[in-house]
Trainee: 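Encoded as structure tokens, here's the structure I'll be asking about.
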Amino acid sequence: MSYKNGDPAIYEREINPGSSRVLVDLPGMDLTPTYSPDGTRLAFGATVDGRTEIFTYNLSQSCCSERVTYARFSNSLSPTFSPDGRRIAFNSDRLGQLHIFVKELQATSAELITPYIYDRSVHNAGPDWSPTGDRLAFHGWVAGTPQIFTVAPDGRGLRQLTQEGRNEDPSWAPDGRHIVFSSTRDGSGALWVLDVVSGRIRKLVGGADARLPDWSGPLDSGRYQTDGATVDPNGSNP
Amino acid sequence: MEARDEAADREAEERRRREEEEERRREAERRRVLSVLAERVHFDFDKSDIRADAEPTLQRKVAVLREYPGISLRVEGHCDERGSVEYNRALGQRRAEAVRRYLMSYGIEARRFETISYGEERPLVDASNEEAWAQNRRAEFVVTDRGELGAGG
């Protein structure tokens, strides 16, 4: 997402040589884009009646923005695809608190997967579906401070993974074991990597108020081919 | 001859004085209009409703926008740092849209506004306390076309 032409739109940037082009520009603000695992589609948030709803866009045909969420008077954003590309998890305030929902792209209803508590300060955001499919990472407020959690796509097995400082916007490694996230745990904004199995945490990038990390797909895995090649969960170990 | 020169000089002097006076008046009016348009409005935590204390501010803008139909505005929505970065971009957009809708409900045409959200990226006060957060939850106004107000000031 970039503001470079005034009205925020979704751009695609070649990392080398660094050129970029507009992918989608709907009226209003286009934000929180994500690629589908096979690279053929994009999901993103866009403005509808002054609110935000989620749309998909067909990259292989370069056309057809399709609206996938319908929640009057509320907002849906920050989509993330399941590994098979058939479902999305996303963020919505439709229950009066910010929660994570899961939805079949073709279905009309969405399932709540984060616990509903009668407390105004509930704020679960930034979901990322693991490449292995069995867990979702997100951040949720604990006493007003964001911490990293994981939960199964059916809402079971909620686990809090961080305690120290503000910890936000997790993104899974292709191995489904490591998570990169932004944290203020040592005073300034930095990116940290967490090994979900051992619980070990190490600093990755610091010093530049780094945030909103997103781990790349596995290299050389055929992930971006459109011939049905799937992701090898043991592919590249970071 | 000399008397006529003196009269002409006086007239020229008088005209210059009147022009200066007129320019001062225009400058004061420009400043008044721009300061009314620049007044920020603030929001409650995680809300995009127009607060009662924001209405007088917005009503002053309505009056100015009616008086100067050539003026266009960009409404910028901003948030405090507490929500998620992504959520705040959407929330800022709602704040900007709420302001636009309010002004439109008093008859100002849609084409005179654009809206944008900067989420939590551009805090007014760079601190982490209630006072700073309250200041940072705001809509700002940028004049994109001065219309009949013209340049200067």
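Naming convention: chains lettered A, B, ... in sequence-line order (proteins, then strands); numbering from 1 in each chain. These numbers come from a predicted model, not from an experiment.
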Trainee: Atom CD of residue position B/E14 - does it have more than 12 heavy atoms of other residues, nucleotides or ligands inside 6.0 Å?
Mentor: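 It does: B/E14 CD has more than 12 such atoms within range.
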
Trainee: Just checking, any donor-acceptor pair under 3.5 angstrom between side chains of A/S78 and B/E86?
Mentor: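 Yes - a donor-acceptor pair under 3.5 Å links their side chains.
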
Trainee: Would you give the length of the straight line joining atom CG of B/D46 to atom CG of A/D93, rounded to the nearest 0.5 angstrom?
Mentor: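 Here the rounded value is 7.0 Å.
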
Trainee: Might you point out which heavy atoms bring B/R82 and A/W141 nearest each other, and give the distance in Å?
Mentor: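 Closest pair (atom of B/R82, atom of A/W141, distance): O-CZ2, 3.0 Å.
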
Trainee: Answer with side chain, backbone, both or neither: which region of B/R74 has an atom nearer than 4.5 Å to a non-hydrogen atom of chain A?
Mentor: neither

Trainee: Please check if atom CD in A/E111 has more than 12 non-hydrogen atoms from other residues, nucleotides or ligands closer than 6.0 Å.
Mentor: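 No, not enclosed.
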
Trainee: List the steps, then state whether side chain to side chain contact (heavy atoms under 4.5 Å, CB included) holds for A/T47 with B/E97.
Mentor: CA-CA 10 Å; A/T47 308; B/E97 294 280 346; 4.2 Å; yes

Trainee: Measure across B/S84 and A/E168 and return the closest heavy-atom pair with its distance rounded to 0.1 Å.
Mentor: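 Heavy atoms of B/S84 and A/E168 come nearest at CA-OE1, 4.3 Å.
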
Trainee: Do you know which two heavy atoms are closest between A/L31 and B/A90, and how far apart they sit?
Mentor: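 What the structure gives for the nearest pair is CD1-N, 3.8 Å.
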
Trainee: More than 12 heavy atoms of other residues, nucleotides or ligands under 6.0 Å from CG of B/D53: is that the case?
Mentor: yes

Trainee: Indicate the ring-plane relationship of A/H123 and B/Y87, choosing parallel, tilted or perpendicular according to the 30° and 60° boundaries.
Mentor: perpendicular

Trainee: Counting only heavy atoms closer than 4.5 Å, note whether A/P146 contacts chain B via side chain, backbone, both or neither.
Mentor: neither

Trainee: Are more than 12 heavy atoms, taken from residues, nucleotides or ligands other than A/Q163, located less than 6.0 Å from that residue's CD atom?
Mentor: yes

Trainee: Atom CD of residue position B/E131 - does it have more than 12 heavy atoms of other residues, nucleotides or ligands inside 6.0 Å?
Mentor: no

Trainee: Just wondering, more than 12 heavy atoms not from B/R26 lying within 6.0 Å of its CZ?
Mentor: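 Yes, enclosed.
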
Trainee: What part of B/S117 lies closer than 4.5 angstrom to a heavy atom of chain A: side chain, backbone, both or neither?
Mentor: both

Trainee: Any carboxylate oxygen within less than 4.0 angstrom of a Lys/Arg side-chain nitrogen, looking at A/R211 and B/E121?
Mentor: yes

Trainee: A quick test of your reading: do over 12 heavy atoms of other residues, nucleotides or ligands sit less than 6.0 Å from CZ of A/R156?
Mentor: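 Open.
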
Trainee: Is it the case that over 12 heavy atoms from other parts of the model lie below 6.0 angstrom from the CZ atom of A/R86?
Mentor: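 Atom CZ in A/R86 is not packed in, count stays at 12 or less.
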
Trainee: Counting C-beta onward and ignoring hydrogens, is there a side-chain heavy-atom pair between A/T52 and B/Q93 closer than 4.5 Å?
Mentor: no

Trainee: Quick one: pull up CE in A/M29 and CZ in B/R89 and give me the separation to the nearest 0.5 Å.
Mentor: 6.5 Å

Trainee: Which of the residues A/L212, A/T145, A/D49, A/D169 is involved in the greatest number of heavy-atom pairs with chain B at under 4.5 angstrom?
Mentor: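 Maximum pair count with chain B is reached by A/L212.
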
